[in-house]
**Q** 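The structure's right below; bear with me while I get my questions together.
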Amino acid sequence: MDKNVGIKIISTNKKAKFNYFLSDFTECGIVLKGTEIKSLRVHSCSIGDAYVIIRNGEAEIINMHINPYEQGNIFNQDPLRNRKLLLHKKEIKWFMDKAQKSGYSIVPTKVYFKKGKCKVEIALAKGKKNYDKRETIKQRDLERNLRSGGDY
């Protein structure tokens, strides 16, 4: 059975796939307030500049932009406020150890609905050097030419 059944993707972080080597993907919940969930249902979310920090034993997502809901009036929240991620203590400790000792960052890669609940997929990220990025561009161009029947 396909594991993507019942998943409705809201936003993906294409910049993270280009700028980082990603590993250890984990699904987690997110704490939302007021009209944020309604805004997410109309796909008004951006995680291009977002990252995750661990503070006081809790994981928080920073710079995730959720547009204010148009019919929300005074109940709208700040679009860039920090939002708590819902992870087990073991997972938080594991991510914290990797981020501090190994020099990894934690970035969100996807925001989606699964069985009606909003989920965020986070991953460990190791920064790419410029020559790695050029190699990624080269591979992408090569694959594009092969698909279109190019001369490669």
Side-chain angles (χ1 to χ4, degrees), residues 1-70 72 75-141 143-144:
M1 195 165 135
D2 190 18
K3 68 177 188 174
N4 289 334
V5 172
I7 290 179
K8 181 180 173 187
I9 295 177
I10 300 166
S11 179
T12 57
N13 192 349
K14 293 177 184 171
K15 191 188 285 188
K17 291 178 183 176
F18 181 72
N19 289 331
Y20 303 103
F21 294 112
L22 300 175
S23 64
D24 299 313
F25 295 88
T26 304
E27 176 184 271
C28 59
I30 184 169
V31 176
L32 299 170
K33 290 184 179 178
T35 57
E36 289 177 331
I37 193 75
K38 291 182 179 185
S39 189
L40 285 175
R41 290 197 189 280
V42 293
H43 296 272
S44 56
C45 170
S46 172
I47 56 172
D49 296 328
Y51 59 96
V52 176
I53 61 167
I54 297 176
R55 195 181 332 174
N56 300 328
E58 294 180 347
E60 292 182 0
I61 189 165
I62 311 292
N63 279 346
M64 177 179 173
H65 188 275
I66 298 177
N67 289 338
Y69 186 58
E70 288 184 20
F75 299 106
N76 282 329
Q77 301 292 322
D78 178 28
L80 286 174
R81 75 177 184 85
N82 300 348
R83 293 167 181 89
K84 185 177 167 184
L85 295 177
L86 303 173
L87 289 164
H88 292 284
K89 277 187 182 176
K90 267 186 197 175
E91 292 173 321
I92 291 173
K93 186 177 181 325
W94 186 84
F95 274 112
M96 188 170 64
D97 289 344
K98 286 286 190 178
Q100 287 177 348
K101 293 177 185 166
S102 305
Y104 284 95
S105 298
I106 308 167
V107 294
T109 55
K110 268 197 279 190
V111 178
Y112 55 92
F113 283 110
K114 183 176 180 181
K115 297 181 183 176
K117 306 241 188 301
C118 185
K119 302 289 182 181
V120 178
E121 182 182 73
I122 60 174
L124 279 179
K126 189 78 165 176
K128 284 185 181 179
K129 305 286 187 210
N130 281 339
Y131 55 84
D132 293 325
K133 292 179 186 179
R134 285 193 295 270
E135 187 65 31
T136 303
I137 292 169
K138 186 176 168 184
Q139 289 295 327
R140 189 173 52 209
D141 290 344
E143 288 175 15
R144 187 181 306 129

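Hydrogens, waters and symmetry mates are skipped; everything else that's a heavy atom, side chains included, is used.
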**Q** Ser39: what forms a side chain to side chain donor-acceptor pair (under 3.5 Å) with it, not counting sequence neighbours?
**A**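 Once residues adjacent in sequence are excluded, the partners of Ser39 under the side chain to side chain donor-acceptor pair (under 3.5 Å) criterion are Ser44.
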**Q** CG of Leu40 to OG1 of Thr35: how many Å apart, nearest 0.5 Å?
**A**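 Output value for this atom pair is 10.0 Å.
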**Q** Sequence neighbours excluded, which residues qualify as salt bridge (charged side-chain N to carboxylate O under 4.0 Å, His left out) partners of Asp24?
**A**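 Not a single residue meets the salt bridge (charged side-chain N to carboxylate O under 4.0 Å, His left out) criterion with Asp24.
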**Q** Are any non-hydrogen side-chain atoms of Val120 and Arg83 less than 4.5 angstrom apart?
**A**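 Not in contact.
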**Q** Measure the shortest side-chain to side-chain distance between Thr136 and Phe21 over non-hydrogen atoms and say whether it is less than 4.5 angstrom.
**A**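 Result no, sub-4.5 Å side-chain heavy-atom pair not found.
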**Q** Sequence neighbours excluded, which residues qualify as salt bridge (charged side-chain N to carboxylate O under 4.0 Å, His left out) partners of Lys17?
**A**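 For Lys17, no residue satisfies salt bridge (charged side-chain N to carboxylate O under 4.0 Å, His left out) once neighbours in sequence are set aside.
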**Q** Taking everything shown except Lys119 itself, do over 12 heavy atoms lie less than 6.0 Å from its NZ?
**A**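 Counting other residues, nucleotides and ligands, NZ of Lys119 exceeds 12 neighbours.
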**Q** Run the side chain to side chain contact (heavy atoms under 4.5 Å, CB included) test against His65 and tell me which residues pass, sequence neighbours left out.
**A**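 Once residues adjacent in sequence are excluded, the partners of His65 under the side chain to side chain contact (heavy atoms under 4.5 Å, CB included) criterion are Ser46, Asn67, Pro79, Leu80.
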**Q** Restricting to side chain to side chain donor-acceptor pair (under 3.5 Å), what partner residues turn up for Asp97, sequence neighbours left out?
**A** Lys93
**Q** Any chance you could measure Leu32, atom CG, to Ile66, atom CD1, to the nearest 0.5 Å?
**A**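 The CG atom of Leu32 sits 5.5 Å away from the CD1 atom of Ile66.
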**Q** Shortest non-hydrogen contact from Asn13 to Pro108?
**A**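 Looks like ND2-O, 3.0 Å.
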**Q** Rounded to the nearest 0.5 Å, how far apart are CZ of Arg140 and CD of Glu135?
**A** 12.0 Å
**Q** What's the shortest heavy-atom distance between Tyr51 and Asn63, and which atoms?
**A** CE2-ND2, 3.9 Å
**Q** Which atoms form the tightest heavy-atom contact between Ile92 and Gly57, and what is the distance?
**A**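 That closest heavy-atom pairing would be CD1-O, 3.6 Å.
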**Q** With side-chain contact (heavy atoms from CB on, under 4.5 Å) as the test, would you mind laying out the steps for Lys8 and His43 before giving the verdict?
**A** CA-CA 10 Å; Lys8 181 180 173 187; His43 296 272; 3.5 Å; yes
**Q** Would you say that more than 12 heavy atoms from the other residues, nucleotides or ligands in this model lie under 6.0 Å from the NZ of Lys126, or not?
**A** yes
**Q** Excluding sequence neighbours, so at least two apart, what forms salt bridge (charged side-chain N to carboxylate O under 4.0 Å, His left out) with Lys84?
**A**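 Here the qualifying residues are Glu58.
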**Q** Kindly write out the residues that satisfy side chain to side chain contact (heavy atoms under 4.5 Å, CB included) with Tyr20, not counting sequence neighbours, or none if the list is empty.
**A** Ala16, Leu22, Val107, Ala125
**Q** Could I get the full list of salt bridge (charged side-chain N to carboxylate O under 4.0 Å, His left out) partners for Glu27, not counting sequence neighbours?
**A** Lys114
**Q** Which distance, rounded to the nearest 0.5 Å, do you find between the CD1 of Ile47 and the CD1 of Ile122?
**A** 11.5 Å
**Q** Go through the structure and list residues passing side chain to side chain contact (heavy atoms under 4.5 Å, CB included) with Ile9, not counting sequence neighbours.
**A**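 Ile9 satisfies side chain to side chain contact (heavy atoms under 4.5 Å, CB included) with Ile7, Thr12, Lys110, Tyr112 only.
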**Q** Nearest 0.5 angstrom please: Ser105 OG to Asn19 CG, how far?
**A** 11.0 Å
**Q** Looking at Ile106, is its backbone amide N or carbonyl O close enough to the side chain of Lys98 to form a donor-acceptor pair, meaning the two atoms are under 3.5 Å apart?
**A**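 Side chain of Lys98 to backbone of Ile106, a donor-acceptor pair under 3.5 Å: no, none is there.
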**Q** Would you list the pairs meeting salt bridge (charged side-chain N to carboxylate O under 4.0 Å, His left out) in which at least one residue belongs to residues 41-54, sequence neighbours left out?
**A** Lys15-Asp49
**Q** Just verifying a value: how many Å separate Glu91 CD and Cys28 SG, rounded to the nearest 0.5 Å?
**A**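 Going from CD on Glu91 over to SG on Cys28, the span is 8.0 Å.
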**Q** Write down the atom of Ile54, the atom of Phe95, and the distance for their closest heavy-atom approach.
**A** CD1-CB, 3.9 Å
**Q** Taking side chain to side chain donor-acceptor pair (under 3.5 Å) as the test, write out the residues that go with Thr109, two or more places apart.
**A**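 Listed in chain order: Glu121.
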**Q** Is there a salt bridge (charged side-chain N to carboxylate O under 4.0 Å, His left out) between Arg144 and Asp141 once you walk through the steps?
**A** CA-CA 5 Å; Arg144 187 181 306 129; Asp141 290 344; 3.0 Å; yes
**Q** Suppose we screen for side chain to side chain donor-acceptor pair (under 3.5 Å). Which residues come up paired with Asn82, at least two apart in sequence or across chains?
**A**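 Asn82 satisfies side chain to side chain donor-acceptor pair (under 3.5 Å) with no other residue.
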